Protein chains: 2
Amino acid sequence: MKKLINTADSVVEDALNGMVAAHPSLRLRDRVVYRAEGPRRGKVGVVSGGGSGHEPLHAGFVGHGMLDAACPGEIFTSPVPDQIMEATQAVDGGAGVLHIIKNYTGDVLNFEMAAELVEDVEVASVLVDDDVAVQDSLYTAGRRGTGATLFVEKIAGALAEEGAPLAEVAAVAREVDERSRSFGIALTSCTTPAAGKPLFDLPETDVELGIGIHGEPGRARVPMRPARELAALAAEAVHGDLPLRDDVLVMVNGMGGTPLMELYVVFAEVAAFVRGKGARVTRSLVGNYVTSLDMQGFSLSVCRLDDRLTRLWDAPVETPALRWGR
Amino acid sequence: MKKLINTADSVVEDALNGMVAAHPSLRLRDRVVYRAEGPRRGKVGVVSGGGSGHEPLHAGFVGHGMLDAACPGEIFTSPVPDQIMEATQAVDGGAGVLHIIKNYTGDVLNFEMAAELVEDVEVASVLVDDDVAVQDSLYTAGRRGTGATLFVEKIAGALAEEGAPLAEVAAVAREVDERSRSFGIALTSCTTPAAGKPLFDLPETDVELGIGIHGEPGRARVPMRPARELAALAAEAVHGDLPLRDDVLVMVNGMGGTPLMELYVVFAEVAAFVRGKGARVTRSLVGNYVTSLDMQGFSLSVCRLDDRLTRLWDAPVETPALRWGR
């Protein structure tokens, strides 16, 4: 294993230092990434977080129109309650704070504990559980939270930026989660810096269908096949759970080690699939957004849009990893 | 080798189809990617191109404030003169067209031939040769053109957008090239879809210093070491050729298979190096911009800015891969 790191112990801190050095719009304090300008009076604060290794999620989505703070844990490890508590108190502008939590047992527990510890701040939370691959898994009761976390953060962040009250921001976050589904396919395992070897074995001939973002097993291991068929497998899994119709937002997301060229090949196939179901891809994202270290593969996330969600998706956003319209 | 492709023969076309499907601001015609809105009367057209496999370069930089058209060749293969000629004629708004050419023998020949074939369009060209690693190489007389191509495209594109005449746009493009240097380090080889196996062997213990973006050999093969030392090796190579001073634009660029987290680790070290030389990183980019298929590793590109170049760098840009300020 070769990685561009100094030591396995310092990798999260080193990367966060590089991130804030590269983006003057961010501040790092006690292992929390904030907007440099601080909270805005009367705006609902939006906080997310989770294990590191999924970059740019979450710190890359801190900024105008999206998150107020991100709490990165160690690699594939939940942030601690103290981090989340500090972030929550720091971003409160008097209108309360929304916690956006990916559905993993550790994250859920630590965000809950932080919400209890926090004083004089109204906290609401939304659980993201978009991954249709498995019902329960290694670290999860219920479905896992994966790519749609980005959709929730973007759309709830946009509504918060407009000055909507906490209950409305929480409600739209839940609505986005309910209207979103994801499914991932791995070509290779990922390698954590600490372990120094692949988390699991995947033969050169096979792919893992329904992979989790921490290398958790999926539904099945099948022989490698052309992009068209892999795209159809992912799209069928999503469509079978939530039929594609009307306007859909489609994200073809790389797992960290997959070149952009291949993601565009997959996107072309997914777009054809969606059209074949009589739906329309009205918004899209193609790139590495919710990754799993150096894993090769992709995940497909879709959200069934309506006019309001489309408007909030289009609203200005200015973060390191997502930026438009401002 | 596992890749998200349909066939090795169709990968460039499939990826381009996905790209224009994902980005309504682009149009694809006869293997050339254009801005959908077409040429603007009186504006200098800016055209680049080169082999595919370096995505998002070049088609990902087509849009307001940057390129008018990109001519993608097959993987690691120059575009043909017909493509370039068509692109040149199509984007001419009556003020002439600038060709931005990475310094590889095939690219240079084919752009030159296209410039000769084109009728009734004034053409100027700039050769990008920023890579300090080697003087001549497998496909190059003189230095190779790599990461700084992005700087040239952004800054020349901004000046063209402002309505400057061809001679001025060409002059600023040459100025950016002269003020820029790059150096790349590979942790792994890349694998072309057609070959199906790594282009070269690089043992698990070693890295290649001064790698080219087509896997061309660099200066030396040395044992793997921490990110801090690799960053210093790249920065020293650049600094030894063009001393870092005053304001610098720094890009830490992934070669395609390297996770963003690792690029931020490298950026932190490069920023410290630059400060140590008494210079200031006033602008930066961290991500996968000028890639080499699935290669793991990074390249460092720097440009010594002045006020004018900073203003042009900051000017609004709206392309699939680079977007700000509009």
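Letters go in sequence order (proteins before strands), and every chain restarts at 1. Please read these numbers as outputs of a predicted model, since none were measured by experiment. Hydrogens, waters and symmetry mates are skipped; everything else that's a heavy atom, side chains included, is used.
Around CZ of A/R225, the count of heavy atoms belonging to other residues, nucleotides or ligands within 6.0 Å exceeds 12.
Proximity to chain B is absent for every atom of A/N288, based on heavy atoms less than 4.5 angstrom apart. Proximity to chain B involves both the backbone and the side chain of A/M261, based on heavy atoms less than 4.5 angstrom apart. Both the backbone and the side chain of B/V11 have a heavy atom closer than 4.5 Å to some heavy atom of chain A. Interface residue A/E269: only side-chain heavy atoms are found under 4.5 Å from chain B. Looking at A/L230, the atoms closer than 4.5 Å to chain B (heavy atoms on both sides) all sit in the side chain, from C-beta outward.
One finds the CG atom of B/D294 at 7.0 Å from the CD atom of A/E262 (value rounded to the nearest 0.5 Å). One finds the CG atom of B/L57 at 8.5 Å from the CG atom of B/L67 (value rounded to the nearest 0.5 Å).
Looking only at heavy-atom pairs under 4.5 Å with chain B, the residue among A/V207, A/I185, A/L260, A/V20 that has the most is A/L260. For chain A, the option among B/T188, B/L293, B/T291 with the highest count of heavy-atom pairs below 4.5 Å is B/L293. Interface summary for chain B: among A/M295, A/E13, A/E204, A/M224, the most heavy-atom pairs under 4.5 angstrom belong to A/E204. Comparing B/V252, B/D14, B/V265, B/N17 by heavy-atom pairs within less than 4.5 Å of chain A, the highest count is held by B/V265. Of the residues considered (A/V250, A/L16, A/D206, A/V12), A/D206 shows the highest number of contacts with chain B, using heavy-atom pairs under 4.5 Å.
Here the closest heavy-atom approach between residue B/L202 and residue B/A186 is recorded as CD2-O, 3.5 Å. Taking all atoms of both residues into account, the shortest heavy-atom contact from A/V33 to A/A59 is CG2-CB, 3.9 Å.
At distances below 3.5 Å, at least one donor-acceptor pair connects side-chain atoms of A/T319 with backbone N or O atoms of A/G60.
Taking the six-membered ring wherever Trp is involved, the centroid distance between the rings of B/H23 and A/Y264 falls below 6.0 Å.
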